[in-house]
2 protein chains.
Amino acid sequence: MAKDRKKSAKKDAARAKGPRPPKGASATRLTAGAADGPGGFGAGDRPSVVVTVDVVLLALREGALSVLLVQRGREPGLGSWALPGTVVDGDEKLARAAARAVAARTGVSVGRRHLRQLAVFGDPGRDPRTRVLTVGFVAVTDRATPPAGGTVANGRWWGVGEVATKKGPGLAFDHGDILAAAVERVRSDLEATDLATGLIEEPFTLGDLRRAYEAVWSTALEPANFRRKVLATPGFVEPTGGRRTVTTGRPAELYVRGTGVPLRPPLLRPS
Amino acid sequence: MAKDRKKSAKKDAARAKGPRPPKGASATRLTAGAADGPGGFGAGDRPSVVVTVDVVLLALREGALSVLLVQRGREPGLGSWALPGTVVDGDEKLARAAARAVAARTGVSVGRRHLRQLAVFGDPGRDPRTRVLTVGFVAVTDRATPPAGGTVANGRWWGVGEVATKKGPGLAFDHGDILAAAVERVRSDLEATDLATGLIEEPFTLGDLRRAYEAVWSTALEPANFRRKVLATPGFVEPTGGRRTVTTGRPAELYVRGTGVPLRPPLLRPS
DNA sequence: AAAATAGTGTCTGTAAGACATTATCTA
DNA sequence: TAGATAATGTCTTACAGACACTATTTT
């Protein structure tokens with residue numbers, strides 16, 4: 001009987017997408033009855049907030065987990081580095097704004113597949129006139145374009161490990177918090193999802209996939225056990241039949257991404 | 001050699017907390033240089049957004065996972081039900097607004113311990129003048145006040161399974177989405193954290209704790225194996241030495257919440 | 001005593017850690 | 001050939017599922 005609950009809840013969730021009254025009205029009403037202060041917000045008197053998105057775009061560059069940062073072109077803080085972001089248009093979905101912010105910097109279209117909302121950042125009181133909230137997103141790509149270590153528009157890739165060092169960029173605002181949250185989220189998602197396949201180009205070898213895990217988790221994994229686990233999970237990767245020789249050694253079998261599955265049981269990082 | 005990588009990455013993520021310039025300036029600058037449309041937002045011309053919080057407060061009522069809803073007192077939608085929520089004050093932290101919204105309805109102060117940010121909900125285009133975004137929170141409490149099935153101010157508890165049925169309330173706006181996300185989040189958190197202890201009153205028996213898991217997951221668990229797992233996780237629960245007899249049967253040992261730990265390895269729900 | 005609930009012990013299966021062995025390439 | 005990397009096999013350990021059995025209460 002408890003089983004039924006889920007379904008009905010789901011159904012309900014699926015619902016309520018159609019035409020519905022403006023959201024503002026909801027908030028108004030909910031607020032109105034209680035000790036929340038003056039109820040509702042009229043056309044002139046409502047608290048106004050600016051919403052931005054900031055994207056942590058992660059990729060592997062020469063085996064190191066790296067993040068795309070853009071350099072600021074104006075005062076204050078000219079020359080310091082920040083996450084690519086943008087103000088959300090009034091009629092724009094958050095995820096679309098995030099994709100737009102990345103595309104403007106990289107030309108890379110970050111598919112829906114690996115663009116995930118992280119959290120809202122930004123407590124109040126910075127700007128006296130207007131509050132600014134940022135919705136953090138995290139995305140992974142298999143292409144750190146341009147490949148080398150180069151520049152994209154006014155952006156470039158930084159090793160996640162470099163960012164905090166003295167020679168590193170020194171992030172603006174609370175972007176260090178957002179980056180830290182993104183890295184932890186990706187570390188965690190690698191345990192339970194096939195997210196790692198989004199970090200490497202197809203076709204890939206199991207060694208490539210293992211090195212992606214090792215780069216994100218900063219741990220060495222046992223190749224034999226890793227292989228066993230990956231191949232025992234249907235839908236994780238699919239063999240192409242091809243092989244690849246890099247420099248020396250036995251040629252490795254090639255794989256492409258599978259249909260995408262939760263890893264059950266999860267592939268836990270070593271303790 | 002993969003070992004070496006880890007150290008630098010770890011160090012990095014922890015940093016970047018120091019004093020920082022206002023957030024608003026960040027968004028301005030990031031937008032300015034790129035093809036994001038008109039750069040920056042001036043005092044008069046910025047896109048204005050209203051931000052609300054909506055809280056999914058969950059508790060166990062007679063063994064069933066339940067959610068606190070409030071009835072709307074005004075048109076449009078008078079008489080329909082919604083999550084408790086409020087407009088975020090201009091100088092207020094999001095979590096504080098969430099706690100305030102709950103307190104206004106229940107008198108219960110939801111501690112920081114189990115109040116978690118879920119996600120941002122609300123795509124654009126409802127209100128032609130102003131966009132409204134809602135930050136969803138989820139919280140658990142060990143007290144479904146008032147206990148019976150009763151009313152709190154203009155709110156009451158509903159079984160999560162009731163909400164979607166014909167006899168249920170029919171949720172306003174996209175609150176069904178938020179509720180579904182909250183339930184899934186709690187289900188998942190039960191696997192990896194001690195969140196379930198927040199759903200039951202202290203002191204509790206291992207049977208109480210197990211029934212909390214069973215209610216949230218809608219599954220029966222093997223009492224013996226559950227006990228073994230819980231007691232094998234240091235910091236999950238602490239014995240009081242006391243015992244409790246309910247009706248019949250051997251008196252059960254009593255426990256209180258431990259110091260709070262991640263469950264490693266996780267306590268996975270049955271497949 | 002019977003019924004009910006709590007707690008213990010133990011067998012089994014699954015899967016991960018460790019590591020030896022074999023396979024196949026380049027220099 | 002040596003050296004390097006990939007792939008396979010196997011032993012062991014950790015832990016969860018299943019379930020029998022014991023313990024302690026109320027009726």
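Chain A is the first sequence line, chain B the second, and so forth, proteins listed ahead of strands; every chain is numbered from 1.
Atom C1' of nucleotide C:dT5 and atom CZ of B:Arg244 are separated by 14 Å, given to the nearest angstrom. Between the CZ atom of B:Phe226 and the C1' atom of C:dG9 there is a distance of 20 Å, given to the nearest Å. If you measure from atom CG of A:Leu231 to atom C1' of C:dA16, you get 15 Å, rounded to the nearest angstrom. Protein atom CG of B:Leu268 is 11 Å distant from nucleotide atom C1' of D:dC15, rounded to whole Å. Put simply, CZ on B:Phe204 is 21 Å from P on C:dT5, counting in whole angstrom units. B:Leu206 places its CG atom 10 Å from the C1' atom of C:dG7, with the value rounded to the nearest Å. With rounding to whole Å, A:Leu221 atom CG is found 14 Å from D:dA6 atom P. The CD atom of B:Glu191 sits 17 Å away from the P atom of D:dC15 (whole-angstrom rounding).
Nearer to the 5' terminus of DNA chain C, by closest-nucleotide assignment, is the contact made by A:Ala224 (compared with the other of A:Ala224 and A:Val246). Residues B:Thr245 and B:Pro265 both approach DNA chain D. Their nearest nucleotides, taken by heavy-atom distance, put B:Pro265 toward the 5′ side. Residues A:Ala252 and B:Thr248 each lie close to DNA chain D; by heavy-atom proximity, the contact nearer the 5' end of the strand is made by A:Ala252.
None of A:Thr197, A:Val237, A:Thr240 except one satisfies the side chain to side chain contact (heavy atoms under 4.5 Å, CB included) rule with A:Val256; the exception is A:Thr240.
Each of D:dC15, C:dC19, C:dG7 was ranked by its minimum atom distance to the side chain of A:Glu222; first place goes to C:dC19. Listed nucleotides: D:dA6, D:dA18, C:dG17. Nearest to the side chain of A:Arg211: D:dA6.
A close approach under 4.0 Å does not occur between any side-chain nitrogen or oxygen of A:Lys229 and OP1 or OP2 of C:dA15. Within the structure, every side-chain polar atom (N or O) of B:Arg250 is placed at least 4.0 Å from both OP1 and OP2 of C:dG7.
B:Phe204 and B:Tyr255 have parallel rings, their planes meeting at less than 30° on a 0 to 90° scale where 60° marks the start of perpendicular.
One donor-acceptor pair, N or O on each side, does fall under 3.5 Å between the base of C:dG17 and the side chain of A:Arg228. Between the base of D:dA18 and the side chain of B:Asn225 there is a donor-acceptor pair shorter than 3.5 Å.
In terms of the side-chain hydrogen bond (donor to acceptor under 3.5 Å, both in side chains) criterion, A:Thr233 has no residue partners (sequence neighbours excluded).
A:Arg211 and A:Glu62 are not joined by a salt bridge, as no carboxylate oxygen comes within less than 4.0 angstrom of a charged side-chain nitrogen.
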Any chance you could lay out the side chain to side chain contact (heavy atoms under 4.5 Å, CB included) test for B:Glu222 and B:Lys229, step after step, and finish with the verdict? CA-CA 11 Å; B:Glu222 197 62 36; B:Lys229 173 68 181 180; over 6 Å; no

